[in-house]
Amino acid sequence: MIKEAQIENLFATPLYMNILERDITLKERNLINSFQDKTILNQSNYHTKESYVLNNKGFKDLKKFTQQCCNDYLEKVISPSDDVKLNITQSWINYSNQNQYHQEHCHSNSYISGVLYINAREDSDAIQFTNSTYRFLNPNIKHYNVWNSKTRTLNVRTGMLIMFPSHLYHSVKVNRNTYTRTSIAFNTFLKGTIGGGLGELKL
């Protein structure tokens, strides 16, 4: 017989979640819809040609909320002693119509990425994250847990904001509903001075 083992999570990957505590306004929805005529066909859905949409004055309050979440993430997750900020660099709108999906991808040239859902239903919309770490052996799994799972699916809804390290691969399954699943995605990067001496980096 062996004693009850203790297993700890080591070097966890953070997945930040927050909720916009108000409805998306009609003005914001109309602005979101106005961009639909100015989109680029992705592999399986559409996104805006404009990649700085949160700079639009009509999204002022949404940008404020998003930046507040960035500040919160910086304080709670990264917790730097350096005088740095987590700034939004790019932002764009994703549109997934019925029978469209978002292929698996990650975000290059970004530190932390995020998604704010403008139109989504928790009972049918979700984002899936993939553990892309190389596995030397792949035995068949009897019970999935945080150590052996290859994917993690998170249900999402309108007003929900999530943030995650930009290198993390993620995807969205086929939209089986008649409405257009809509979200504002964004990238970030640190701004300020990191470290010191011969390891100092000014951004």
Side-chain angles (χ1 to χ4, degrees), residues 2-19 42-45 47 51 66 69-82 84-94 96 100-117 120 122-157 160-176 181 183-192 194-195 199-201 203:
I2 64 170
K3 296 173 67 175
E4 183 69 26
Q6 179 179 345
I7 302 175
E8 294 188 7
N9 294 322
L10 187 63
F11 309 131
T13 300
L15 180 59
Y16 176 97
M17 293 168 279
N18 212 320
I19 294 292
N42 202 349
Q43 180 177 322
S44 50
N45 63 351
H47 66 82
S51 58
T66 304
C69 290
C70 288
N71 298 343
D72 194 38
Y73 185 104
L74 181 72
E75 177 65 26
K76 292 179 178 176
V77 180
I78 303 172
S79 191
S81 60
D82 295 314
V84 293
K85 295 181 179 180
L86 187 61
N87 281 356
I88 299 168
T89 53
Q90 284 187 298
S91 53
W92 60 97
I93 305 170
N94 295 309
S96 296
Q100 292 184 337
Y101 63 96
H102 207 146
Q103 78 279 3
E104 187 174 84
H105 65 287
C106 64
H107 294 209
S108 60
N109 301 321
S110 176
Y111 184 43
I112 304 299
S113 294
V115 186
L116 173 60
Y117 287 89
E122 194 169 12
D123 61 347
S124 57
D125 292 317
I127 185 170
Q128 180 172 280
F129 295 94
T130 302
N131 182 357
S132 57
T133 304
Y134 173 73
R135 294 171 185 255
F136 177 65
L137 294 174
N138 278 294
N140 293 320
I141 304 300
K142 179 171 61 176
H143 300 295
Y144 285 97
N145 56 49
V146 295
W147 302 288
N148 64 23
S149 296
K150 295 180 181 179
T151 61
R152 164 71 191 279
T153 301
L154 176 71
N155 287 84
V156 298
R157 63 181 175 87
M160 185 175 184
L161 181 144
I162 60 172
M163 295 175 65
F164 48 89
S166 298
H167 69 268
L168 195 60
Y169 277 84
H170 53 286
S171 60
V172 180
K173 294 184 178 181
V174 174
N175 180 11
R176 300 297 185 189
R181 181 196 298 132
S183 63
I184 298 178
F186 60 94
N187 287 333
T188 71
F189 213 78
L190 292 176
K191 185 174 182 179
I194 301 173
E200 183 178 85
L201 175 62
L203 298 169

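Treat the numbers as computed from the prediction; the structure is a model and nothing was measured.
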Any [X] side-chain heavy atom under 4.5 Å of [Y] side chain:
| X | Y | value |
| --- | --- | --- |
| C70 | F186 | yes |
| Q128 | K173 | yes |
| T130 | H170 | no |
| L74 | P80 | yes |
| V84 | I194 | yes |
| Y101 | N175 | no |
| Q100 | R181 | no |
| I162 | L154 | yes |

Please report the C-alpha distance between L116 and T66 in whole Å, then the side-chain angles of each, then the deciding distance to 0.1 Å, and finally whether the side-chain contact (heavy atoms from CB on, under 4.5 Å) criterion is met.
-> CA-CA 8 Å; L116 173 60; T66 304; 4.1 Å; yes
Can you name the closest pair of heavy atoms from [X] and [Y] and give their distance?
| X | Y | answer |
| --- | --- | --- |
| E122 | N155 | O-ND2, 2.8 Å |
| S44 | Q103 | OG-OE1, 3.3 Å |
| D82 | G195 | OD2-N, 3.3 Å |

Aromatic ring proximity, centroids under 6.0 angstrom, Y16 and F164 = no
Near E75 CD, under 6.0 Å, is it more than 12 heavy atoms from other residues, nucleotides or ligands?
->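 Counting other residues, nucleotides and ligands, CD of E75 stays at 12 neighbours or fewer.
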Within a reach of under 6.0 Å around CG of N138, are more than 12 heavy atoms found that belong to other residues, nucleotides or ligands?
->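 Buried by this count: over 12 neighbours within 6.0 Å.
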Decide yes or no on side-chain contact (heavy atoms from CB on, under 4.5 Å) for I184 and V115, but give the supporting numbers first.
-> CA-CA 6 Å; I184 298 178; V115 186; over 6 Å; no
Ring geometry between W92 and H107 (parallel below 30°, tilted from 30 to 60°, perpendicular above 60°) |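 Because their plane-to-plane angle lies in the 30° to 60° range, the rings of H107 and W92 count as tilted.
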Please step through side-chain contact (heavy atoms from CB on, under 4.5 Å) for the pair C106 and H167, ending with a clear verdict.
-> CA-CA 5 Å; C106 64; H167 69 268; 5.5 Å; no
